[in-house]
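Data first, discussion second: the structure below is written as structure tokens.
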Amino acid sequence: MSSDASDTSTGRRRILDRWRLVSPTGARVVSLRQLPKRERARLLAPSTFTTLNMVSGFSSVLLAFRGHFTLAAVLIAFSIVMDIADGFVARLVGATSPFGLQLDSLADLISFGVAPAVLVHTWALSDWPVLAWLVAFLWLSCAAFRLARFNVTIDPAADKRYFVGLPSPGAASVVIATIFALDSPFFGPGTGPWQAWFPLLVSVVPAFLMVMTIRFRSFRNLLQPTTPGARLTTGLVAAAIVIGLVVAPGLTGIVVAYGYVLTAPLGVLTAPVRERLLGSESVAPPRRRMQSVFLPIEGDDELDGPDADDPCDEPGTAPA
């Protein structure tokens, strides 16, 4: 006799037994209660780091509104570490799933979309509410667009060494590194809104880079070294960053964050020389053209609902 039947016969039917997750695509949904504890822990491990990412980003928003800008920036930096950790753990234990992908994107939108936008709004632009609203919304909308585009354009054949557009954690690192390094956001001559040129530059440039199609190195080989030489390189880079953050956190953050942003334009400029000297493997391969992310999903009649009076919905016909 099954456990559910025994529970029912003894009158101990669990309250949540009547609720079942149903996939809109018809895919089979397995309840975590049906899995062994070890398998359940393996599948939930990446989501634990994702949840910590989300908690840290949300806490950063609350602290930014209270004027604790440095601590808010530290929490966004912690979110970046958790975002790297959840992907690393998911690949390590083989627990990559569509649910984890969507949860990670929602957490990233909070930590690297909402939190940096609020941080810039409160740190530097609170004296100009209209300008602050525009800049914050620009950042949030670019981050949302970048994450949505990433979710719908995952290509198994794509070169995993590169991201299309500046990753949202990389964009957020520009903001938090700037706050770490500077006591005041205002530099140079100017009065009124013109005094905010530097915060605008720090906010607008990374926001636009998130939605551009320029490619940035993923440096996944540093996170998952496979050779002794690669492991040594990873160890040296990690040690240099840790020592730099201890000795001079502001300068180290600026060098790492701004340096990563500069790798893309410098890579584009030096690509012909690197290809000629080092071969085609040293440059990004051409991307394959994929279906537009703005076109409707083909063959999804259940979502759209066919119109019986529209001849275009009949089999074998198509709009002119």
Checking Ser105 now: which residues fulfil side-chain contact (heavy atoms from CB on, under 4.5 Å) with it, not counting sequence neighbours? Asn151

Donor + acceptor pair across side chains of Asp108, Asn53 (<3.5 Å): yes

Could you pull out all donor-acceptor pairs under 3.5 Å where a side-chain atom in residues 236-254 meets a protein atom, sequence neighbours excluded?
| unit_1 | atom_1 | unit_2 | atom_2 | d |
| --- | --- | --- | --- | --- |
| Thr252 | OG1 | Gly244 | O | 2.8 |
| Thr252 | OG1 | Ala248 | O | 2.8 |

Looking at CG of Asp104 and OG1 of Thr50, how far apart are the two atoms once the value is rounded to the nearest 0.5 Å? 5.0 Å

At what distance, to the nearest 0.5 angstrom, does CZ of Phe216 lie from CE of Met210? 10.5 Å

Not counting sequence neighbours, which residues clear side chain to side chain donor-acceptor pair (under 3.5 Å) with Asp83? List them please. none

Quick check for you: to the nearest 0.5 Å, what is the distance between Phe88 atom CZ and Phe49 atom CZ? 10.0 Å

With Ser56 via side chain to side chain donor-acceptor pair (under 3.5 Å) - residues at least two apart: Ser79

Acceptor/donor pairs from residues 57-75 side chains to any protein atom, 3.5 angstrom cut, sequence neighbours excluded:
| unit_1 | atom_1 | unit_2 | atom_2 | d |
| --- | --- | --- | --- | --- |
| Ser59 | OG | Val55 | O | 2.8 |
| Ser60 | OG | Ala72 | O | 2.8 |

May I ask you to list the residues sharing a hydrophobic cluster with Phe208, side-chain cutoff 4.5 Å, ordered by chain and number? Leu138, Val204

Please tabulate, one pair per line, all N/O donor-acceptor pairs under 3.5 Å involving side-chain atoms of residues 255-265, not counting sequence neighbours.
| unit_1 | atom_1 | unit_2 | atom_2 | d |
| --- | --- | --- | --- | --- |
| Tyr258 | OH | Thr178 | OG1 | 2.7 |
| Tyr260 | OH | Arg217 | O | 2.7 |
| Thr263 | OG1 | Tyr260 | O | 2.4 |

Here the pair of heavy atoms bringing Val211 nearest to Arg149 is O-NH1, 3.0 Å

Of all the heavy-atom pairs spanning Pro167 and Arg146, show the shortest one and how long it is. CA-NE, 3.4 Å

Closest approach of Ala132 and His121, non-hydrogen atoms and distance? CB-CD2, 3.4 Å

Could you report the tightest heavy-atom contact between Trp139 and Gly113, atom names first, then the distance? CD1-O, 3.3 Å

If the condition is side chain to side chain donor-acceptor pair (under 3.5 Å), which residues does Ser203 pass it with, not counting sequence neighbours? none

Contact summary for Ser111 and Ile76, nearest pair of heavy atoms: O-CG2, 3.9 Å

Only counting residues at least two apart or in another chain, list the ones meeting side-chain contact (heavy atoms from CB on, under 4.5 Å) with Val81. none

Enumerate, atom names and distances included, each donor-acceptor pair closer than 3.5 Å involving a side-chain atom of residues 168-175, sequence neighbours excluded.
| unit_1 | atom_1 | unit_2 | atom_2 | d |
| --- | --- | --- | --- | --- |
| Ser173 | OG | Gly170 | O | 2.5 |

Give the cluster check for Val114 versus Val135: same hydrophobic cluster or not, with ILVMFWY residues linked at side-chain heavy-atom distances below 4.5 Å. no

Could you report the tightest heavy-atom contact between Ile110 and Met54, atom names first, then the distance? CD1-CG, 3.7 Å

Note, Leu106 side chain near Leu147 side chain (heavy atom, < 4.5 Å): no

